[in-house]
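Values below: every heavy atom of this structure, side chains too, minus hydrogens, waters and symmetry copies. Throughout, protein chains are lettered first and strands after them, A, B, ... in sequence-line order, and every chain is numbered starting at 1. Just so it is clear, the structure is predicted and the values come from calculations on it, not from any experiment.
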Protein chains: 2
Amino acid sequence: MSQTEQDLRVLRLLQGQPDITQRQMASELGISLGGLNYCLRALVEKGWVKMDNFSGNPNKLKYAYLLTPNGVRAKTRLTAHFLKQKLAEYEALKGEIERLKTEVAQPRGSK
Amino acid sequence: MSQTEQDLRVLRLLQGQPDITQRQMASELGISLGGLNYCLRALVEKGWVKMDNFSGNPNKLKYAYLLTPNGVRAKTRLTAHFLKQKLAEYEALKGEIERLKTEVAQPRGSK
DNA sequence: CTAGCCTGTTCAGCGACTGAACAATGACAT
DNA sequence: ATGTCATTGTTCAGTCGCTGAACAGGCTAG
């Protein structure tokens, strides 16, 4: 999976559910905790996600992961980008599948 | 891309064109020369591909990359495997595309 | 106060590469 | 023969996106 696609999946998850633990995110996306932390850090670095202390207590470990305005814009842009890309993929798969069917039906070297 | 899919792409390339340079292969597959060499080495290690000196001269650098009998069997098996997987991917993409269309049409936070 | 649980953080290691340098060979011109 | 050059495969340090495991800080129940 490409990094930008992973980004979009995280953004989608957070927009619907800002108060979610990193472990829940990781499980939802099917990756490890360390891996998710790595992705999330990159999103914060890009300014797309902000980690806010939950309920205003400065010493709590639990965070809310909020999309910044730039994050919302990025999500819209990425969504459009992947819609386009996935439509192309879809068409490409048709051809790929036909080719595979042919090869399975008539393997070279068969008698 | 998964390693096994990359394997299949290399096998397909070689079955059609055993006398091809590593640079041509890399270019065809859209990866670097070092990367292709890495993949190819793994295929030789698995016994799916044999590197033969071209034209019987033991000191030539140019090789022919031949599929072994096991290589041919592996290619058939992988082809069937990916046919099945890609049909599933195809179905999954339909849903994914519909979801993306909805999000593009009705972005959250729009007035 | 202590034990246990839930948080996020960190880090060594790994797989699949990239990019660049390198080395061996053959062909060609001088 | 000798020097140059293009063409080949090989090697290696470094990067990226992770995994799995250990770690540390804070809350809650007993």
Measure from [atom1] on [X] to [atom2] on [N] and round the result to the nearest Å.
X: Y38(B); N: dG9(D); atom1: OH; atom2: C1'; result: 18 Å
X: E5(B); N: dA16(C); atom1: CD; atom2: C1'; result: 14 Å
X: D7(A); N: dG17(D); atom1: CG; atom2: C1'; result: 12 Å
X: I20(A); N: dT7(C); atom1: CD1; atom2: C1'; result: 14 Å
X: R23(A); N: dT10(C); atom1: CZ; atom2: P; result: 14 Å
X: L29(A); N: dC18(D); atom1: CG; atom2: P; result: 10 Å
X: Y65(B); N: dT8(D); atom1: OH; atom2: P; result: 10 Å
X: L33(B); N: dT10(D); atom1: CG; atom2: P; result: 10 Å

side-chain N/O Q24(B) vs dT7(D) OP1/OP2, d < 4.0 Å: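 Negative; the distance criterion is not met.
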With respect to Y65(B), which candidate in Q15(B), Q22(B), Q17(B) satisfies the side-chain hydrogen bond (donor to acceptor under 3.5 Å, both in side chains) definition?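 Exactly one candidate clears the test, Q22(B).
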Any non-hydrogen side-chain atom of L78(B) less than 4.5 Å from a side-chain atom of E5(B)? no
Side-chain contact, heavy-atom cut-off 4.5 Å: P18(A) with Y63(A)?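 A side-chain contact is absent here, since even the closest heavy-atom pair is not under 4.5 Å.
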Atom [atom1] of [X]: over 12 foreign heavy atoms under 6.0 Å:
X: E91(B); atom1: CD; answer: yes
X: R99(A); atom1: CZ; answer: yes
X: K86(A); atom1: NZ; answer: yes

Counting heavy atoms from C-beta on, name the nucleotide in [options] closest to the side chain of [X].
X: Q22(A); options: dG8(C), dC18(D), dT18(C); result: dG8(C)
X: N37(B); options: dC18(D), dT10(D), dG8(C); result: dT10(D)
X: Y63(B); options: dT19(D), dT7(C), dG9(D); result: dG9(D)
X: K62(B); options: dG8(C), dC18(D), dT8(D); result: dT8(D)
X: Q3(A); options: dT19(D), dG17(D), dG9(D); result: dG17(D)

Hey, which of these two, R41(B) or L36(A), hits DNA chain D nearer its 5' end, going by closest nucleotide? R41(B)
Give the angle between the helix axes at the two ends of the helix from dC1(C)-dG30(D) to dT30(C)-dA1(D), taking five base pairs at each end and rounding to 10°.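 Angle reported: 10°, given to the nearest ten degrees.
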Pick base, sugar-phosphate or nothing for S32(B), based on heavy-atom distances below 4.0 Å to the nucleic acid. base
Checking salt bridge (charged side-chain N to carboxylate O under 4.0 Å, His left out) between D7(A) and each of R77(A), R12(A), K46(A), which is the one that passes? K46(A)
